[in-house]
Protein chains: 2
Amino acid sequence: MINDHEIKNLFPLFERKLLEEIESNAEIIEYEEGEDLIKSGQNIKSTMLIKKGLVKIYREDEDGNEIFMYHLEPGQACALSILCAVQHKTSEIKATAVKPTEVYAIPVHLVEQWMKEYKSWYQFILSTYRSRFEELLNTIDAIAFKNMDERLVMYLKKHSEISNNKTITVTHAQIAAELTTSREVVSRLLKKLAERGLIKVNRQNIEIINLD
Amino acid sequence: MINDHEIKNLFPLFERKLLEEIESNAEIIEYEEGEDLIKSGQNIKSTMLIKKGLVKIYREDEDGNEIFMYHLEPGQACALSILCAVQHKTSEIKATAVKPTEVYAIPVHLVEQWMKEYKSWYQFILSTYRSRFEELLNTIDAIAFKNMDERLVMYLKKHSEISNNKTITVTHAQIAAELTTSREVVSRLLKKLAERGLIKVNRQNIEIINLD
DNA sequence: CACTAACTGTGACATATATCACCATATTTT
DNA sequence: AAAATATGGTGATATATGTCACAGTTAGTG
């Protein structure tokens, strides 16, 4: 087992034995681009480790408004799925695959059990909590203290960085939904950025010239 | 040792041995009403368990704006202080005692060590992360999806509940700072609530009639 | 190729909140 | 008691964002 070493590269800090446990106990689930890993209000019974692809995490309210919180990349775990799974509670969270994605789904009881058995697992879970905590604080900063133009620039930077691409493929309406504003506002702010020569706005995508 | 049993009541789930460890290793620090346990940008070298009193946690930005996030009561721990301490990072967090407060300050290395040695400690730390996570999500909901009038009502309810008192002693300016708005806005919204008979506005305090 | 749906641009207007100016009271200090 | 300070009330106005209406443009489909 563990012949392809893929999992070893994803989680370099895990003990060999833990990697084997994952391989033999985790179910691998595949999601298409645009498919939801977690829907708002759904009961979660396992924790997801991202194997491949890219996932975006949103908070949703009752009226269907959503706000983008952060990305999950290969080698990361969904803190919310741990949180919800362990507490057996639903949470108003949405996780959407933005690329074709594969995850290791770990049953809750193993998440708990491994905490005691594997030091590297417990460190991984804690560091997951820590980093997601930081992301949430950044989200709060943005919506509490920043104007929409600043938040838009942050959005563009972040998405360019994470997809490793100067060109972001997204519609104005999508950006608006994720920043909880309206399409018109996004279009106008994008236009202003374009007028200042910082970006180039095309149909379905935005090219970043210089946002530093 | 552990003769007064105070600590046992605060942390009923901790093993006897862990309680003894806390008693012999934790420094007890007292704070006056209004004093800061953590100032923004400060380096944190220990984790705080609340022994007595009441603490409010704020997020601050560079310009001195602050937003209230949540309360800490006796028997709870500051998740941020764990997070920051372990990572040896500063964080733009403010923790202020709103009543005379006493805390157990636990050196970081013990926080880490006890995680391995005491099951109840590790469960406590995890549940601290979980509950603070939920609080942050609620904060995000409020500022992303709610108008100021709704947020004001939430603020009043929460503060009444946590102080177990229908009358909240606070100035309009204070509320404004914690909700990141202006005093005038708070005064006007309070007036509207008073006109609807839901609260009574006095100088320095607000009496809740019925906000359900 | 025509038709439809999705995406984008833009003016006009509505609304919530922020800011300013100033006054009125209440409380504390001298 | 007088003065200084903290707190609260209110109108006028500014600004950012939200909403509506509608038109133009592109991509995909039959």
Side-chain angles (χ1 to χ4, degrees), chain A residues 33-34 61 63-68 98 139-156 159 167-196 198-208, chain B residues 33-34 61 63-68 98 139-156 159 167-196 198-208:
Chain A
E33 187 170 331
D61 77 350
D63 310 332
N65 298 310
E66 61 183 30
I67 186 162
F68 166 64
V98 293
T139 303
I140 288 178
D141 278 359
I143 56 185
F145 303 134
K146 311 286 188 194
N147 290 337
M148 203 46 86
D149 53 353
E150 297 176 86
R151 291 179 56 201
L152 180 58
V153 168
M154 287 170 67
Y155 179 98
L156 296 175
H159 281 71
T167 301
I168 305 164
T169 303
V170 67
T171 67
H172 301 184
Q174 255 177 280
I175 299 176
E178 300 189 10
L179 296 178
T180 324
T181 180
S182 66
R183 180 190 61 79
E184 295 92 323
V185 170
V186 170
S187 291
R188 284 173 190 141
L189 293 176
L190 284 173
K191 196 185 171 193
K192 278 194 200 170
L193 290 175
E195 279 166 0
R196 289 167 55 202
L198 308 182
I199 61 172
K200 216 178 139 192
V201 179
N202 306 308
R203 191 181 179 79
Q204 303 265 33
N205 71 72
I206 295 155
E207 208 176 312
I208 294 182
Chain B
E33 187 171 329
D61 78 349
D63 310 333
N65 297 310
E66 60 184 29
I67 187 163
F68 166 64
V98 293
T139 303
I140 288 178
D141 278 359
I143 55 185
F145 303 133
K146 311 286 188 195
N147 289 337
M148 203 47 86
D149 52 354
E150 297 176 83
R151 291 178 57 200
L152 180 56
V153 169
M154 287 169 67
Y155 180 97
L156 296 175
H159 280 71
T167 302
I168 304 163
T169 303
V170 66
T171 67
H172 301 186
Q174 254 177 281
I175 300 176
E178 300 189 10
L179 296 177
T180 324
T181 181
S182 66
R183 179 190 60 80
E184 295 92 322
V185 170
V186 170
S187 291
R188 285 171 188 141
L189 293 175
L190 285 173
K191 197 185 170 191
K192 280 195 200 170
L193 290 174
E195 280 165 0
R196 290 166 57 201
L198 308 181
I199 61 173
K200 215 176 140 199
V201 179
N202 306 309
R203 191 181 179 81
Q204 302 266 31
N205 71 73
I206 295 156
E207 207 177 314
I208 295 182

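Letters A, B, ... are given to chains in the order of the sequence lines, protein chains preceding strands, and every chain is numbered from 1.
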Between B:Leu152, B:Val153, B:Leu190, which is the residue that forms a side-chain contact (heavy atoms from CB on, under 4.5 Å) with B:Ile199? B:Leu190
From the list B:Leu189, B:Thr180, B:Ile143, side-chain contact (heavy atoms from CB on, under 4.5 Å) with B:Met148 holds only for B:Leu189
Quick one: which residue pairs count as a side chain to side chain donor-acceptor pair (under 3.5 Å) with a foot in residues 183-192 of chain A, not counting sequence neighbours? A:His172-A:Ser187
Identify each atom pair where a protein N or O and an N or O of nucleotides 14-17 of chain C are less than 3.5 Å apart, giving names and distance.
residue	atom	partner	partner atom	Å
C:dT17	OP1	B:Met148	N	2.8

Assess the residue pair B:Ile206 and B:Ile175 against the criterion (side-chain contact (heavy atoms from CB on, under 4.5 Å)); give the C-alpha distance rounded to whole Å, side-chain angles, the decisive distance to 0.1 Å, and a yes or no. CA-CA 11 Å; B:Ile206 295 156; B:Ile175 300 176; 3.8 Å; yes
Using atom CZ of A:Arg151 as one end and atom P of D:dA16 as the other, report the distance to the nearest whole Å. 15 Å
Please report the distance, rounded to the nearest Å, between CZ in A:Phe145 and P in C:dA18. 13 Å
For [X] and [Y], which heavy atoms make the closest approach, and how far apart are they?
{"X": "B:Ala176", "Y": "B:Ser182", "value": "CB-C, 3.4 Å"}
{"X": "A:Glu33", "Y": "A:Val98", "value": "CG-O, 3.4 Å"}
{"X": "B:Phe68", "Y": "B:Thr139", "value": "O-CG2, 4.3 Å"}
{"X": "B:Tyr155", "Y": "B:Glu178", "value": "OH-OE1, 2.9 Å"}

With sequence neighbours left out, what residues match B:Asn147 under side-chain hydrogen bond (donor to acceptor under 3.5 Å, both in side chains)? none
Tell me every residue that passes side-chain hydrogen bond (donor to acceptor under 3.5 Å, both in side chains) with B:Asp149, counting only those two or more places apart in sequence or in another chain. none
Axis-to-axis angle across the helix from C:dC1-D:dG30 to C:dT30-D:dA1, five pairs an end, to 10 degrees? 30°
Across nucleotides 3-12 of chain C, 5' to 3', mark each nucleotide with B, S or - according to how protein heavy atoms within less than 4.0 Å reach it. ---BBBBBBB
